Novice: 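Can you keep this structure in mind? I'll have questions shortly.
Within every chain, numbering begins at 1; the chains are lettered A, B, ... in the order of the sequence lines, protein sequences first and strands thereafter. This structure is a prediction, so every number in the text was calculated from the model and none was measured.
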2 protein chains.
Amino acid sequence: MQEVTTHFGNVSRKCRYALRAMFELTLRQGGKPLKVNEIAASQSISVRFLEVILSELRQGGFVESRRGKSGGYLLARKADSIFVGQIINFVQGNGHRDCLDTSKQTVPGDWAMAGLWRRVNEVVDNIYNNTSFADLIAQEAAMKDDYIGNYVI
Amino acid sequence: MQEVTTHFGNVSRKCRYALRAMFELTLRQGGKPLKVNEIAASQSISVRFLEVILSELRQGGFVESRRGKSGGYLLARKADSIFVGQIINFVQGNGHRDCLDTSKQTVPGDWAMAGLWRRVNEVVDNIYNNTSFADLIAQEAAMKDDYIGNYVI
DNA sequence: GTATAATACTACTAAACCAATAGGAATAGT
DNA sequence: ACTATTCCTATTGGTTTAGTAGTATTATAC
């Protein structure tokens, strides 16, 4: 069984940064806002670029920001109600909502192809829309434990 | 449930053309080779661009070509042994096999993210690698019948 | 109430990638 | 030989992406 899709689930670097920022915010939430610097350092992302990304996430309603001296970013909702799919959808599809099926030009294979893309989108969406950041944190912990369990004991 | 991925399963236009060309070749196979012109016309693809694509498909061993006056293209194997995933893998990943995980830089979330991409790639690959062009032809026929059944009778 | 440390906004740039084009060389049938 | 076709290599133009830069705005601390 060979690998078909390019890795990272066909998600742009920017979008992956957004996911990691959300992950970090989930991981280190605790009343106090988290500074862009800190997130950037922890995740090794360019500070400037991360500013842009977090600003978009704020406009999307996923995070809240506090300005001024002791400002930073916070999750806008609880981590178990924010799903990976929402972030990907928002960051990836900002602006150019690809005009789906304008091409009603009916060539042989249209039906079969449409069916194929539909099936693929279904399974992918199913994963993305059912993985919350709370889930990711849990998985991270579990996988790390697993690793230690297998290799260190 | 909102839609996450961009439509067409994140497959490039060129790659989609390749799939349609294969579909057409499957549909109209019958001893005689099929000309690029004919495929291009039937699928409304630029002839020149389709030449490039078919040439690549030949190098990939998916089609055979006959040159000269009554030349054209033929499937290299039977349609039920050529899978969508093979085409996508070959056309999409020509040359720049994205240096997967060079970035062993261990930031928080690495494990969880890797797991996420793995799950996504698994389900997608599963679909692509189990859909042959024979399947597509069958599906096309079935879906068309269904359409007629619902709307015309 | 002023200095300061942070986010917010807008625009820009460089590079990568993609779709498509161009021109001609090789080949096989008639 | 002629001609219709595939074959090969290179190049273009456009779009997207990743990242940068400069400045404005805001809230806090003192």
Novice: Please report, rounded to the nearest Å, how far the P atom of C:dT7 is from the CD1 atom of A:Ile53.
Specialist: 14 Å

Novice: Respond yes when some side-chain nitrogen or oxygen of B:Ser46 is under 4.0 Å from OP1 or OP2 of C:dA19, and no when none is.
Specialist: no

Novice: Less than 4.0 Å between a side-chain N and a carboxylate O, is that true for B:Glu24 and B:Arg28?
Specialist: yes

Novice: I'd like to know if A:Lys35 and A:Glu38 make a salt bridge, using a cut-off of under 4.0 Å between side-chain N and carboxylate O.
Specialist: no

Novice: Establish, for the pair B:Arg16 and B:Phe8, whether the NZ or CZ atom is under 6.0 angstrom from the six-membered ring centre and no further than 45 degrees off its axis.
Specialist: yes

Novice: Honestly curious: do B:Ile82 and B:Ile127 fall in one hydrophobic cluster under the side-chain, below-4.5 Å linking rule?
Specialist: yes

Novice: Below the 4.0 Å mark, does C:dA20 have OP1 or OP2 next to a side-chain nitrogen or oxygen of B:Tyr17?
Specialist: yes

Novice: Quick one: the side chain of A:Arg67 and the base of C:dT7, do they pair up donor-acceptor inside 3.5 Å?
Specialist: yes

Novice: I want to check one thing: is the phosphate of C:dA28, taken as OP1 and OP2, less than 4.0 Å away from some side-chain N or O of B:Arg66?
Specialist: no

Novice: Heavy atoms under 4.0 Å, any strand shown: does B:Arg13 hit a base, just sugar-phosphate, or nothing?
Specialist: sugar-phosphate

Novice: Between D:dA18, C:dA20, C:dA19, which nucleotide gets closest to the side-chain atoms of A:Phe49?
Specialist: D:dA18

Novice: Reckon B:Tyr73 has a side-chain N or O less than 4.0 Å from the OP1 or OP2 of D:dT5?
Specialist: no

Novice: Consider the side chain of B:Asn37, meaning its heavy atoms from C-beta on, and name the nucleotide among D:dC8, D:dT5, C:dG23 that approaches it most closely.
Specialist: D:dT5

Novice: Of the listed nucleotides (C:dA22, C:dA8, D:dA29), which one gets closest to any side-chain atom of A:Lys69?
Specialist: D:dA29

Novice: Would you give the length of the straight line joining atom CD of A:Gln29 to atom CD1 of A:Ile137, rounded to the nearest 0.5 angstrom?
Specialist: 8.0 Å

Novice: Looking only at the side chain of A:Ser12 (C-beta and beyond, no hydrogens), which of the listed nucleotides D:dA18, C:dC9, D:dC7 gets closest?
Specialist: D:dA18

Novice: Considering every strand and a 4.0 Å limit on heavy-atom distances, what is the contact class for B:Val52: base, sugar-phosphate, or nothing?
Specialist: base

Novice: The side chain of A:Gln59 lies closest to which of these nucleotides: C:dC9, D:dT26, C:dT27?
Specialist: C:dC9

Novice: If each of A:Arg58 and A:Ser70 is mapped to the nucleotide of DNA chain C with the nearest heavy atom, which maps nearer the 5' terminus, i.e. the 5' end?
Specialist: A:Ser70

Novice: Under 4.0 Å from OP1 or OP2 of C:dA8: is there any side-chain N or O of A:Ser65 that close?
Specialist: yes

Novice: Please report the distance, rounded to the nearest Å, between CD1 in A:Ile39 and P in C:dT7.
Specialist: 8 Å

Novice: Looking at the side chain of B:Glu51, which of D:dA27, D:dT6, C:dA20 is the nearest nucleotide?
Specialist: D:dT6

